[in-house]
Amino acid sequence: MKTSSENNRSATIINYKINELFQTIQGEGSFTGQPSIFIRLQGCPVACSWCDTKHTWNIDLDDAVDIKAMFTKPEESTTWAAMNVEQMLALVNEQGYQAKHIVITGGEPCMVDLTSLCDAFEQQGYSTQVETSGTFEVKVSDKCWVTVSPKIKMRGGYEILNSAMLRANEIKHPVATEQHVDDLKNLLKEHNIKHTPVYLQPISQKPRATTLAIDTCIANNWRLSVQVHKYLGIE
Ligand code: SF4
């Protein structure tokens with residue numbers, strides 16, 4: 001039988017497929033304004049029509065690059081690097097990042113077990129957050145802040161999981177039409193979600209979507225999330 005330290009060691013050898021790792025300001029949800037280190041995983045089958053990270057959808061082995069090439073790429077691309085948590089910690093330390101909040105995003109990061117990634121950073125004093133569509137089981141540390149942005153009736157055909165909705169610390173929903181609002185209300189009812197904070201996020205900063213989000217937030221005592229980073233012109 002393995003000792004716990006052996007288990008820990010074997011956990012650290014999971015290789016995550018990393019599309020990007022960078023420091024910025026979190027622009028969405030409860031942590032808006034928080035200096036954060038974003039770790040973007042490659043791969044997502046959900047296929048949202050308005051997705052602004054379509055370059056993360058496919059995992060093509062021909063797109064595998066080394067860590068330096070991934071980290072220094074000049075613009076968004078489909079390339080990714082296999083990294084274990086020790087390599088991620090080393091890269092973050094080398095950069096001298098001051099942020100102490102890790103945002104694990106994608107793609108759909110919950111396609112893989114993220115527990116060892118959360119644990120490793122939390123043991124070094126970081127807080128962790130995952131952003132997920134709610135269509136995969138959320139495997140993270142107990143302390144990890146879970147943002148579920150439920151992607152309802154998307155082309156990929158994935159259902160929103162009850163386990164993900166119940167684990168959510170916040171629900172962040174993109175809206176552009178009344179139908180999106182109705183879909184969210186039905187989802188909250190279906191999963192009996194009553195107390196989790198709900199954020200509405202206007203899709204693509206369109207004025208009509210923003211007005212709808214403001215009116216709906218006021219009517220339901222929900223919160224507005226405006227993707228501050230897009231207004232600031234930062235990643
Ligand atoms: S779940 Fe996220 S990454 Fe995947 S298609 Fe939708 S918006 Fe894009």
Side-chain angles (χ1 to χ4, degrees), residues 16-22 24 26-32 36-60 63 70 73 75-81 102-114 117 128-140 144-165 167-177 179-181 183-184 187-188 191 196 198-206 209-210 212-213 224-230 235:
Y16 296 95
K17 294 178 176 61
I18 307 302
N19 178 285
E20 280 183 296
L21 189 156
F22 57 97
T24 187
Q26 169 61 289
E28 305 180 0
S30 301
F31 283 92
T32 295
S36 303
I37 298 164
F38 274 64
I39 300 175
R40 187 182 305 288
L41 272 67
Q42 188 74 19
C44 181
V46 179
C48 305
S49 57
W50 67 81
C51 177
D52 57 7
T53 54
K54 286 182 177 160
H55 57 287
T56 66
W57 286 10
N58 295 323
I59 299 175
D60 188 335
D63 284 331
M70 178 279 295
K73 61 181 161 185
E75 56 191 19
E76 287 178 355
S77 80
T78 55
T79 58
W80 53 271
I102 302 292
V103 180
I104 307 165
T105 188
E108 173 42 76
C110 289
M111 290 170 72
V112 294
D113 187 338
L114 301 167
L117 201 168
T128 62
Q129 176 182 8
V130 67
E131 298 181 330
T132 175
S133 62
T135 55
F136 286 81
E137 192 181 341
V138 180
K139 294 179 189 159
V140 294
C144 181
W145 181 272
V146 176
T147 302
V148 172
S149 182
K151 302 302 189 308
I152 305 165
K153 300 180 197 159
M154 293 302 151
R155 210 173 58 231
Y158 287 81
E159 297 289 325
I160 308 298
L161 301 184
N162 182 249
S163 61
M165 292 297 286
R167 179 62 180 82
N169 296 101
E170 64 181 0
I171 293 165
K172 193 179 64 184
H173 193 59
V175 289
T177 66
Q179 184 62 51
H180 294 145
V181 176
D183 286 345
L184 176 61
L187 189 77
L188 296 176
H191 294 283
T196 311
V198 173
Y199 286 82
L200 291 190
Q201 194 157 281
I203 292 175
S204 303
Q205 294 76 52
K206 290 187 178 141
T210 304
L212 172 67
L224 186 68
S225 174
V226 292
Q227 296 186 291
V228 164
H229 54 293
K230 295 197 175 173
E235 189 172 14

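Start at 1 with the first residue, then count along the sequence. In listed order, ligands and their atoms are each counted from 1. Quantities reported herein were computed from a predicted structural model and do not represent experimental measurements.
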Taking atom types as modelled, find out whether Ser149 and Lys151 have a side-chain donor-acceptor pair closer than 3.5 angstrom.
yes
State if Trp50 counts as touching ligand 1 under the rule of any non-hydrogen atom under 4.0 Å.
no
Checking side-chain polar atoms at under 3.5 Å, does Thr56 have a donor or acceptor matched by the opposite partner on Gln42?
no
Which segment of Ser149 sits under 4.0 Å of ligand 1 when only heavy atoms are counted
neither
Verify the distance criterion only: is there a donor paired with an acceptor across the side chains of Thr32 and Gln26 at less than 3.5 Å?
no
So that I can tick it off, tell me whether Lys172 and Glu131 are bridged by a salt bridge, with the cut-off set at under 4.0 angstrom between side-chain N and carboxylate O.
yes
Quick check on contacts: which atoms of ligand 1 are under 4.0 angstrom from a heavy atom of Trp57?
5 (S), 8 (Fe)
Atom 6 (Fe) of ligand 1: closest protein heavy atom, distance to 0.1 Å, is Cys48 SG, 2.3 Å
Within less than 2.8 Å of atom 8 (Fe) of ligand 1, any N, O or S from Cys44?
no
Distance-only side-chain donor-acceptor flag, Ser225 / Glu28, under 3.5 Å:
no
Would you mind running through ligand 1 and noting each atom that sits below 4.0 Å from a heavy atom of Gly107?
3 (S)
Arg40 (side chain) donor-acceptor with Gly106 (main chain) under 3.5 angstrom
yes
for atom 8 (Fe) of ligand 1, nearest protein heavy atom and its distance come out as Cys51 SG, 2.3 Å
